Student: 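Okay, handing you the structure first.
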There are 2 protein chains.
Amino acid sequence: MTTIQEVSKLAGVSVATVSRTLSMPDKVSPKTREKVHAAIAKTNYRPNVLARNFRTRKALAIVVLVPDIANSFFSRVIRGIEQAAQKKGYSVLLGDTQGLAEREYTYANMVKTSQADGIIQLHAHIPFENEADLSLPLVNACDCVRDAGIPTVQLDNAAAAKSMTEHLISLGHTRIAAIQGPSDSPITQDRLRGYQEALRENNLEVDTSLVGTGDFSLASGEAAARGLMTHPSRPTALFCFSDEMAFGAIHHIKSLGLSVPGDISVAGFDDISFAAYCDPPLTTISQPAEEFGTMAMSMLYDIINHAPPESLNHYLPHKLICRQSSGPVNPAR
Amino acid sequence: MTTIQEVSKLAGVSVATVSRTLSMPDKVSPKTREKVHAAIAKTNYRPNVLARNFRTRKALAIVVLVPDIANSFFSRVIRGIEQAAQKKGYSVLLGDTQGLAEREYTYANMVKTSQADGIIQLHAHIPFENEADLSLPLVNACDCVRDAGIPTVQLDNAAAAKSMTEHLISLGHTRIAAIQGPSDSPITQDRLRGYQEALRENNLEVDTSLVGTGDFSLASGEAAARGLMTHPSRPTALFCFSDEMAFGAIHHIKSLGLSVPGDISVAGFDDISFAAYCDPPLTTISQPAEEFGTMAMSMLYDIINHAPPESLNHYLPHKLICRQSSGPVNPAR
DNA sequence: CTGAAAGCGCTAACAC
DNA sequence: GTGTTAGCGCTTTCAG
């Protein structure tokens, strides 16, 4: 491997000059610049970035903590992060945590050991064992810890859930069930709140027996729907807090010989790519997944570089997408 | 930040001893070991991994080149890579390339600049500009460049496609269409070959007008199906080279008022999680996605550490999954 | 505009 | 077992 030494020797200049040519070319005379470039080309020199980062005390890398990279929503967020990071000269270290605190700590440690400059956490959990570590550069996106004073980028989940519920109400539904996510997750809580608010404001009963629980996955949606569909007074609409759970629910509903939306309207949340292609196409809330990533990266960048973030909590817009899985309540029933 | 210096001073030992305590504890007497650990705890010392890696000339990181992290198959492969890497003490640098050679080169450069020790490429393309770089540690997985002498881990795509085609033939189908991926991709070519072989061996006509082309995505499957369904002599079965394209195709077929598999059987490839949940559940080929990742990581690890890989080309098993989207040919037609 | 030299924090010979 | 010491390849004062 060629070093800066050898290049300097070949170019007949000092190592400092070679270094300058690379990082501050305008501080070097055109003549020497040329000589250096010639030597670099000849030796096929690549600066050792590890040495540089060590010397300058920055890793130019960030770590992304994600509960599950295979989740179709998170993977889009990460795509956004990666693109923004690349543009700013940072690389992305992937930390698939499976939701385990242990693994979060391990990855968060990379900041303390100078392997990374900051962390983007996509899960509602502080990835540190010690209070003191809260001073490390951290941005929480998507599902965010509440009132922890850490920078966040999120949806107004309550408003989104409320608008979806209002949509179902406007179709004439009065018994609207829901399948929530894990009840300890803030996004679940916010969506549930929005859903209940809409019911209350429309003088509809808030019936907790109409709320099932899943973990955002296909299988959990199917299981929760199985419970809900045996309800003595079956709902005519079902609002699932993720598209995957909605698919699982629809799968079960159809297996019962019922039709969507004929017998029951179903709505999801996320607007993943399959939503438009399933049968029937899914009414859902669209989230700007990539933007979560770019926004989080941009905030983290500012924090790492000691630029005061404009505001601690960023909210991204959602959109109600009405497709064919929701329809007017069937008077026949 | 605490350094090894300060720890050594506090413990009353040399820096070498501290270093040894951390990396070869059995070469240090229990007594001093204790002293060192006490000092470490007191100072809350974390070794600077950047300095260590620089000194030992290894990055303990690998870069993963993926055309699209948001692809539901690739994200699972990456999950496998991440898990295997973590176990071996390596971290994963994510390189979402969007299939652009430029970006592949940029990321591949991280090996030359000592930021990474090796590369896993999930796309059938050599990520180097110079022939000489082929000496860098590289493993090609999933879609692999043919006969390039680089280590690969892949499916026997021809055999898999052949078995699917035979399945459709066994159901009585004689006009079996296909939607292939990009025609320059080896996996497309192999699957096409397997499909055609099965037709030939069963004395069925190989009709190239029955082969549409997509890019593995939902939308492209829909578009290709649109073309195929206007064929003067409509096929009774359709083999799509990805599940996503199969979903797109089914979507279109249903929009025509036709039924699957009543009017036309549809099969996919990949067995993504949605395959079991769509309507009808999709007949497909299951691939061990995570294993592609762990296997690739394991091979790369051996290469990086100069252990001769047992064999250059690894083949992973596939499985034919028969669900309800394929059925006997309808005699009514 | 350029060079000399110090040193980032750590590991690994090499002595003792 | 432990300490001394020489760098790893680079950036960055500080002089000139």
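The structure presented is a predicted model; accordingly, all values stated were derived computationally and were not measured. Convention: sequence-line order gives letters A, B, ...; per-chain numbering from 1.
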Student: Rounded to the Å, how far apart are B/Leu22 CG and D/dT2 P?
Tutor: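 Going from CG in B/Leu22 over to P in D/dT2 covers 15 Å.
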Student: To the nearest Å, how far apart are A/Arg55 CZ and D/dT11 P?
Tutor: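 Going from CZ in A/Arg55 over to P in D/dT11 covers 9 Å.
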Student: Looking at the base of C/dG3, is there any donor atom on it, or on the side chain of A/Arg20, that sits under 3.5 Å from an acceptor on the other one?
Tutor: yes
Student: Categorize A/Ser23 for me: base, sugar-phosphate, or nothing, with a 4.0 angstrom heavy-atom threshold over every strand shown.
Tutor: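 Answer is nothing: A/Ser23 stays at 4.0 Å or more from every strand.
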Student: Rounding to a whole Å, what distance do you find between B/Asn53:CG and D/dG9:P?
Tutor: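 In whole Å, D/dG9 P and B/Asn53 CG are 14 Å from each other.
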Student: Does A/Ile62 form a side chain to side chain contact (heavy atoms under 4.5 Å, CB included) with A/Ile81? I'd like the steps, not just the answer.
Tutor: CA-CA 10 Å; A/Ile62 60 146; A/Ile81 293 175; 3.9 Å; yes
Student: Using a distance-only criterion (donor-acceptor N/O pair, under 3.5 Å, no hydrogens), is the base of C/dG9 paired with the side chain of B/Arg46?
Tutor: no
Student: Under 4.0 Å from OP1 or OP2 of D/dT2: is there any side-chain N or O of B/Thr32 that close?
Tutor: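 Looking at the OP1 and OP2 atoms of D/dT2, one of them is under 4.0 Å from a side-chain N or O of B/Thr32.
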Student: Starting at atom CG of A/Asn48, determine the distance to atom P of D/dC8, rounded to an integer number of angstrom.
Tutor: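 So the CG-P distance, A/Asn48 to D/dC8, works out to 12 Å.
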Student: Remember a base hit wins even if backbone is also touched, and classify A/Arg57 as base, sugar-phosphate or nothing at under 4.0 Å, heavy atoms.
Tutor: sugar-phosphate
Student: Would you mind reading off the distance between A/Leu50 atom CG and C/dC10 atom P, rounded to a whole angstrom?
Tutor: 14 Å
Student: Round to a whole Å and report the spacing from NZ of B/Lys35 to C1' of D/dG3.
Tutor: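 Atom-to-atom, B/Lys35 to D/dG3, this comes out as 12 Å.
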Student: Which sits closer to the 5' end of DNA chain C, B/Met24 or B/Phe54, going by the nucleotide each is nearest to?
Tutor: B/Phe54
Student: Could you verify whether a donor N or O on one side chain and an acceptor N or O on the other, from B/Asn140 and B/Thr152, lie under 3.5 Å apart?
Tutor: no
Student: Starting at atom CD1 of A/Ile4, determine the distance to atom C1' of C/dC8, rounded to an integer number of angstrom.
Tutor: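 These atoms are roughly 15 Å apart.
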Student: Verify the contact: side-chain N or O of B/Ser14 to OP1 or OP2 of D/dG3, cut-off strictly under 4.0 Å; return yes or no.
Tutor: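 For D/dG3, OP1 or OP2 has a side-chain N or O of B/Ser14 closer than 4.0 Å.
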Student: Distance only, no hydrogens: is a donor on one side chain within 3.5 Å (strictly under) of an acceptor on the other, for A/Gln5 and A/Thr3?
Tutor: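 There is no such pair (donor and acceptor under 3.5 Å, judged by atom type) between the side chains of A/Gln5 and A/Thr3.
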Student: So does B/Thr56 get a side-chain nitrogen or oxygen closer than 4.0 Å to the phosphate oxygens (OP1/OP2) of C/dT11?
Tutor: no
Student: Output the rounded distance in Å from CD (A/Gln5) to P (C/dA6).
Tutor: 14 Å
Student: Output yes when at least one side-chain N/O atom of A/Ser19 is less than 4.0 Å from OP1 or OP2 of D/dC10, else no.
Tutor: no
Student: Just verifying a value: how many Å separate A/Leu65 CG and A/Gln121 CD, rounded to the nearest 0.5 Å?
Tutor: 4.5 Å
Student: When the nearest nucleotide of DNA chain D is assigned to A/Ala51 and to B/Lys27 on a heavy-atom basis, which residue is associated with the more 5' position?
Tutor: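 The answer here is B/Lys27.
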Student: B/Pro47 side chain: which of C/dT2, C/dC10, D/dG3 is closest?
Tutor: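 Nearest listed nucleotide: C/dC10.
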Student: Looking only at atom types and distance, does a side-chain atom of A/Ser19 sit under 3.5 Å from a main-chain N or O of A/Val15, one as donor and one as acceptor?
Tutor: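 No, A/Ser19 side chain to A/Val15 backbone: no donor-acceptor pair under 3.5 Å.
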